[in-house]
Amino acid sequence: MTAVPRFGHGSRVPGWDTAVDLDKDPMGVPDPATTEVPADLRAEIEGHMAKYPDRRSAALPALAAAQRVHGWCSPDAIAQVGCVMKLTPAYLIAVATFYDMLETQPVGRHSVYVCTNISCSLRGAQELYGAVVEAAGDDPAFNVRAFECLGACDIAPMASVDGVYVGPLTPDDAATLIDDVRAGRPVLPDKQLAHRQVADPDANTRDFGPAPSGNGGGPA
Amino acid sequence: MTKLLFRDIDEPGLHTREVYERRGGYSALRRAMQMAPEEVLAELEASHIRGRGGAGFEMGKKASFLPKGKMDKFLCCNADESEPGTFKDRELMQKSPHMLIEGMIIAAWAAGITRSFIYIRGEYVLQADILDAAVAEAYAAGYLGERILGSEHTLSMVVHRGAGAYICGEETALLDSLEGKRGNPRLKPPFPANQGLYQGPTLINNVETLATVPHIISMGGAEYAKLGVENSSGTKLVSVSGDVQRPGNFEIELGISSRDIIYGLAGGPPEGRRVKCWFPGGSSAPVLTEADLDLAYDFDTLAKAGSMLGSGSIIVVDDSTPIVDVALWTARFYRHESCGKCTPCREGTNWTVKMLERIDSGEATPMDLDIMASVQEQIIGNCLCVLGDAMAMPIGSMIAKFRPEFEAHIEAARQRNPYAGEPPVPAEPIIMGAR
């Protein structure tokens, strides 16, 4: 899967939709005999399929699980999901390309989504995004993206680092954020949403104080 | 002011069943199970609670549209909260997941539903984990599963994580996504109440709406309807963000003045700044200005003022931000999130962004404003869902209300642009077909 090539002004380059080999049959459901699926991935996908009246409903959780194993929805990942779910790669790629969190190209292991929507941009998200991009540099371990509203405008400007919400951030926090991820430490623990104990908005303008022991607001 | 949803919100450990029950949780469920489903439905209808997700349709009415009788019916909780400026459901699910679960069980009992799903956006990892744990607790305590509280009623509940698509908050796109497809909206009718998930009758409600259900049962529908004002009953969570001193979630009774929310609760814009414009109901709502601050915050008043209450999220923009920037951020969001199924939305959002970028780079003329305004008019009402309208309405209102500023911006950008002014005279005359 590569992106559709485009001219500078945005229209598609002719030939982008021509199939490589028109005589070749479309790919069917991957053959279980030749497709190796890691046992725990298979178990997870089958677990998801069992929850729904229609097995196809498990497509999103299954692709997400395969992405956790492979780093992105690679042809291998797609084939493995297709093999377990009895779906064609075409169906799964169609689904994967639709959703922002499913990657159809190789990306860095650590995802850093910086929200650049209205509320965050009003409070300096564009500068924050620039600072995070600069701090990550060309480190291939990072997948820094400007993301649409992440639903945490109360801690704007904010970012989601491997699924952990942190904010409010300043451009100065960018280096610490990247260093924390590199070192495998919890990211900016004093700015994590999970550690906020109160809904009281005053907490935004005060320090949150030391992070509570355990996992804060998370399930016990 | 009456607080229902946020009464115990800061109680440590409220996300566990133990603390939730200590604070009176699941007593409404016990009471509802003593009543006949029709009686529960009647209470919901008497409360006149309007959907908290954006469209504002009465929940009791929606539930009553479901066909009666024994068949596979589904309940979907719409937790795909992606409207820019909205973060109330996140707070509810993180702090009080059992309130939502209890509300869903009661709603399912009222409508005779046996399977339920919570479609939560994929970005809410923490909240989905908390919900997963809470659902497991509810199963263990016998609130979910077979023979709930010793009755004949059965309900299963699955937390389904999305993967990042704003459009999946649209009810029919949510159903497609939940069926494992691309999240494209469906043609309506048939409405989900008749033909929804897996072609079965489906009730879809927002997190906040469902979380209010236990309170309606506890206090009685008629009593709940006394809160708020006529046609906008009850309390509402309001997310205030943007240029305010204390952004956050507040529970209000509908009908209080918008100024009280923006200045009183959220602290107003920073020192020395004034409100330039504000979105009263998420980024999809047409903007209002400083002159509208004294409007009552309820469904009808805002609709009369040409905007909408939407999901109840106020984004305040102060006078330090150019309106063109706000328009551009808004339009870019909808361009990115358009699913591409309907042409007016797919192309309209794209061209609006291009025209706004042209304004910013000094390549536009005031005529472009008229073209842009007409593009917005072409989108509204011409698509399967309202995503395109959701861009067209705020952008259209910005052009209408801030036209002088747009024009000044166009002129200033043209002055900065080295190609502004007289068009350069070509060194050699261009003759068609000469080469």
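Lettering of chains follows the sequences in order, A, B, ..., and the numbering in each one begins at 1.
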Min side-chain heavy-atom separation M158(A)-P168(A) under 4.5 Å: no
Under 4.5 Å from a heavy atom of chain A, the part of T86(B) involved: backbone
Residues D243(B), R273(B): salt bridge by 4.0 Å N-O rule: no
Chain A contact via V240(B) - side chain, backbone, both or neither, heavy atoms under 4.5 Å: neither
Side chain to side chain donor-acceptor pair (under 3.5 Å) partner of E137(B), chosen from H98(B), H15(B), R17(B): H98(B)
L60(A), part contacting chain B, at a heavy-atom distance under 4.5 Å: side chain
Contacting region of I167(B) [heavy-atom separation from chain A under 4.5 Å]: side chain
Whether Y334(B) and Y166(B) hold their rings parallel, tilted or perpendicular, with breakpoints at 30° and 60°: perpendicular
Proximity breakdown for F333(B) and chain A, heavy-atom pairs closer than 4.5 Å: both
A94(A), part contacting chain B, at a heavy-atom distance under 4.5 Å: both
R145(A) and E103(A) ion-paired at < 4.0 Å: yes
Chain A interface, residue from Q127(B), R161(B), E81(B), H336(B) that has the most non-hydrogen pairs under 4.5 Å: H336(B)
C168(B), part contacting chain A, at a heavy-atom distance under 4.5 Å: side chain
Quiz item: cation-pi between R121(B) and Y124(B), 6.0 Å / 45°: yes
S313(B) portion near chain A, given a 4.5 angstrom heavy-atom threshold: neither
When S241(B), A163(B), G164(B) are compared by non-hydrogen pairs under 4.5 Å with chain A, the top option: A163(B)
Residue selection (most heavy-atom pairs with chain B, distance under 4.5 Å) from S121(A), A96(A), S160(A), A59(A): S121(A)
Ion pair check, D318(B) and K276(B), cut-off under 4.0 Å: no
